[in-house]
There are 4 protein chains.
Amino acid sequence: MVWMKGVYDLMIKPREEKYHAILDAATEAFAEYGYYTCQVSKIAKLAGVADGTIYLYFKNKEDILVSLFSDRMGNFIREIQQSIAQCTTTKERLFCIIRTHFKYMQENRSLAIVTQIELRQSDPKIREAISGPLREYFHLIEQVLSEGVQKEEITLMDIKVGRQMFFGTLDAAISDWVSSRKPRPLEGIEELIYELMRGAFNIK
Amino acid sequence: MVWMKGVYDLMIKPREEKYHAILDAATEAFAEYGYYTCQVSKIAKLAGVADGTIYLYFKNKEDILVSLFSDRMGNFIREIQQSIAQCTTTKERLFCIIRTHFKYMQENRSLAIVTQIELRQSDPKIREAISGPLREYFHLIEQVLSEGVQKEEITLMDIKVGRQMFFGTLDAAISDWVSSRKPRPLEGIEELIYELMRGAFNIK
Amino acid sequence: MVWMKGVYDLMIKPREEKYHAILDAATEAFAEYGYYTCQVSKIAKLAGVADGTIYLYFKNKEDILVSLFSDRMGNFIREIQQSIAQCTTTKERLFCIIRTHFKYMQENRSLAIVTQIELRQSDPKIREAISGPLREYFHLIEQVLSEGVQKEEITLMDIKVGRQMFFGTLDAAISDWVSSRKPRPLEGIEELIYELMRGAFNIK
Amino acid sequence: MVWMKGVYDLMIKPREEKYHAILDAATEAFAEYGYYTCQVSKIAKLAGVADGTIYLYFKNKEDILVSLFSDRMGNFIREIQQSIAQCTTTKERLFCIIRTHFKYMQENRSLAIVTQIELRQSDPKIREAISGPLREYFHLIEQVLSEGVQKEEITLMDIKVGRQMFFGTLDAAISDWVSSRKPRPLEGIEELIYELMRGAFNIK
DNA sequence: GATGAATGAGCATTCATTCAT
DNA sequence: CATGAATGAATGCTCATTCAT
């Protein structure tokens, strides 16, 4: 692979290439079969690697799920943070989150499904591992709300409850979208949801 | 069983007694370990019956989960319907659902956990079986919202999105409550949530 | 059951009635499903008794099979002995056995099947238990052959081999008959088989 | 495995090696315990592999039995066909089948037992699967008899009945041999049986 | 690093047998 | 005697993980 040299930094390193192939495959497979119903060998086949190869990149099956979350949710949160950065008002920020949330999930339907499904695993070990990235997202929402209250751009008595409403609504919408075969595009409801939020938070 | 005679109608029939013992045990066990991580033998031990006995009352493990849902969600919905029946305004009805939802879940913490966890199983067979009772609840909420719009007691552009917000918010609150070790009692946030709903739906 | 008194000896005693009902049911059930594939509860249902009742009449499942053999093969051998008794020549006796063997099996198809199937169980305990009645039948055939040789009505160098041929042929014929759906009646082949025996044993 | 190079064609390929080890083990185990009484783990232990390994080579327990038959009976029939090929007269052919049948069974006592035992399983699925190779053997015998009649080397009114006698006799002899602890060698009775056949079929 | 054959612990389910009624 | 609900030992099969090549 001498020819690679010059462009090496533009490429995904082969090492990472396989890592991501496995993660992509796992996302698909978990989404279709669920974590417990999906065999590691299915992921391997989908990723085009041998069963054993998986264990060169991940400690065990659980680690795949956990890594998947860190990786994907990390991207998700980063994307949201970036899009928020350009907003000036709380109103804009909230609308921006709604839109980015929907856009991201729509572009990553499998991830949306996995999130829906596995977000609430009860196996305590898994829960704990997964809760990290999610908490980060919660924190981000709460920050926006907090700041909004401070700047008196919204009215809200309890930040946490506000976040529960905000996230819960988006989550329920995704849940419906994910479980229906012929879902209406999520874009259609962004406005509707925002309108409700406007009333709830008394957005200026 | 001569002694039974007079009090027979006060007793649970023995047959049903065991059925419910198993369902109770399963609720506890699924809540603690999750459906897949929980062995049938664990349920049996918790219910105080032999492993084989389970299969006199349920077709298989999956059937336990499904029955659990029909049974519990059935009760839940019935309780909500009863408490709504006495309300005269949409405002009262919505507040009533919030309170009953929280009360029921608080009294049945294990059920709350199981609901949170297994609501989103991806195993298609299980999902399908479980979706029935949940849909019924969704329908009930949508009816209340619909009627409120008709009577002009609330303002709402899209019933389904309204229901997503309403249910999603309650669900997210329960999710937080369930996953925290030392949760603040749910009663404390009923008012807070209602206040948000009032703004969102412009409740008169 | 006072009314029974006078006719009691003409009746099957109630005790025996149920015993035979179970044996009949077992014959049917074993024939259809095979010994191992057939549950005791299936026999009970077919016999119209409770599962537990079976164990008032039989020690265990194996005992049913063994009893079935003793009982049925006992009848079978007795019937053959009776029909042979009236014969005067070896020729007649051999033909008589062929005819009675076929007649009995045709009238008790289930028994024929069970015999075919379970005759050769390898579970040593079962084999041993079953071999008794069968040996008795072998002995009977060998006696007829022996006597025939002695009286010079047939020619045969080895009695045991002679019996193997005789029984083996009948058994193979029954086996074909049992396993074909639309078998030609066994009567049709009695003559054909006898003709072969005549040649083999050089029957006078 | 450089050392393998030169002798590779003399070796059994490793893949097949394990396949046959399992089949051999199953033959022994089924012979000793019977199909239903023999646990898969017993076969695995006897074959020197893990339980799970069995399922890399066979679909399930039943598949082992069926494969065993195809494989062994296939060999058996091939061997008989080869030995027949060199015979010129029906007389020789029939004697040859007797001798080869006995020789093969004597060299494969376990197979003989399994054949005796499982030939007549009533579980319809198993029967069907097993009947194939047996039918082939029947067909072979019938062909020899048919040809003999055509060439007027034997006299026989009904081919099928002739085959029943021929096979039934051999089978009964094997059955006796298999079930006796100290059997006289089968070679001793080849002549005796042939002599009976000679009479029965009027072999020229 | 990559492979995939081999492993064996783990589990849902069955069913002969018991025993309180 | 009769019942049938309850028992729990027994077993076929799966699948995450390992390791020799």
Side-chain angles (χ1 to χ4, degrees), chain A residues 14-15 18-19 22 35-45 47-64, chain B residues 1-2 4 14-15 17-19 22 36-45 47-64, chain C residues 14-15 18 22 35-45 47-64, chain D residues 1-2 14-15 17-19 22 36-45 47-64:
Chain A
R15 167 89 207 177
K18 217 159 247 179
Y19 176 86
I22 293 169
Y35 177 72
Y36 285 102
T37 316
C38 168
Q39 300 95 310
V40 171
S41 65
K42 221 168 241 165
I43 300 174
K45 183 176 285 183
V49 302
D51 291 18
T53 305
I54 300 238
Y55 291 87
L56 298 174
Y57 295 88
F58 299 92
K59 198 152 50 68
N60 51 32
K61 191 183 177 185
E62 187 187 317
D63 187 34
I64 304 175
Chain B
M1 290 232 209
V2 176
M4 265 192 177
R15 170 92 204 172
E17 200 169 14
K18 213 156 253 178
Y19 176 86
I22 293 169
Y36 285 103
T37 317
C38 167
Q39 302 93 313
V40 171
S41 65
K42 221 167 243 167
I43 300 174
K45 185 175 284 181
V49 301
D51 290 19
T53 306
I54 302 252
Y55 293 87
L56 297 176
Y57 295 88
F58 300 92
K59 200 152 50 63
N60 50 35
K61 190 182 177 187
E62 188 188 317
D63 188 35
I64 304 175
Chain C
R15 166 91 207 178
K18 215 159 250 182
I22 294 169
Y35 176 72
Y36 284 103
T37 318
C38 169
Q39 302 94 311
V40 172
S41 65
K42 221 167 241 166
I43 300 174
K45 184 176 284 183
V49 301
D51 291 17
T53 305
I54 301 238
Y55 292 85
L56 299 174
Y57 294 89
F58 299 92
K59 197 151 52 65
N60 51 32
K61 190 183 178 185
E62 187 188 317
D63 188 34
I64 304 175
Chain D
M1 292 231 212
V2 177
R15 170 92 203 174
E17 201 170 13
K18 214 157 252 179
Y19 176 87
I22 294 169
Y36 285 103
T37 317
C38 168
Q39 301 93 313
V40 172
S41 64
K42 221 166 242 166
I43 299 174
K45 185 175 284 182
V49 300
D51 290 20
T53 305
I54 302 253
Y55 293 87
L56 296 175
Y57 295 88
F58 300 92
K59 200 154 48 65
N60 49 35
K61 190 181 177 187
E62 188 188 317
D63 188 34
I64 304 176

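Residue numbering restarts at 1 for every chain, and letters A, B, ... go by the order of the sequence lines. Just so you know, these numbers use all the heavy atoms, side chains as well, and skip hydrogens, waters and symmetry mates.
Spacing between atom CD1 of A:Ile43 and atom C1' of F:dT17 amounts to 13 Å, rounded to whole angstrom units. Atom CD1 in A:Ile64 sits roughly 15 Å away from atom P in F:dC15 (whole-Å rounding). If you take CD of C:Glu62 and P of E:dC15, they are 18 Å apart, rounded to a whole angstrom. A straight line from CG of B:Asp63 to P of E:dA12 spans 15 Å, rounded to a whole angstrom. The separation between D:Phe58 atom CZ and E:dA6 atom C1' is 15 Å, rounded to whole Å. In this structure, D:Ile54 atom CD1 and F:dC15 atom P are separated by 18 Å, rounded to whole Å. Note: NZ (A:Lys45) to P (E:dT3) measures 14 Å, nearest angstrom. Atoms OH (A:Tyr55) and P (F:dC15) sit 12 Å apart, rounded to a whole Å.
The side chain of D:Tyr57 lies closest to E:dA6 when the candidates are F:dA16, E:dA6, E:dT7. When the nucleotides F:dA6, E:dT3, F:dA16 are ranked by their closest atom to the side chain of B:Thr53, F:dA6 comes out on top. For D:Leu56, the listed nucleotide lying nearest its side chain is E:dT7; candidates were F:dC1, F:dT14, E:dT7.
Residue C:Tyr36 places none of its side-chain N or O atoms closer than 4.0 Å to OP1 or OP2 of E:dC15. OP1 or OP2 of F:dA2 sits under 4.0 Å from a side-chain N or O of C:Lys18.
Using cut-offs of 30° and 60° for the angle between ring planes, the D:Tyr19 and D:Tyr57 rings count as tilted.
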Extract from the structure each pairing of a protein N or O with an N or O of nucleotides 9-11 of chain E at less than 3.5 Å, listing the distance.
unit_1, atom_1, unit_2, atom_2, d
E:dC11, OP1, B:Gln39, NE2, 2.7

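With a cut-off of 3.5 Å on both pairing distances, the Watson-Crick and G-U wobble pairs of DNA chain F assemble into stems of 3 or more at E:2-21 with F:2-21.
Judged purely by atom type and a 3.5 angstrom limit, B:Tyr55 has no side-chain atom pairing as donor or acceptor with the backbone of B:Lys61.
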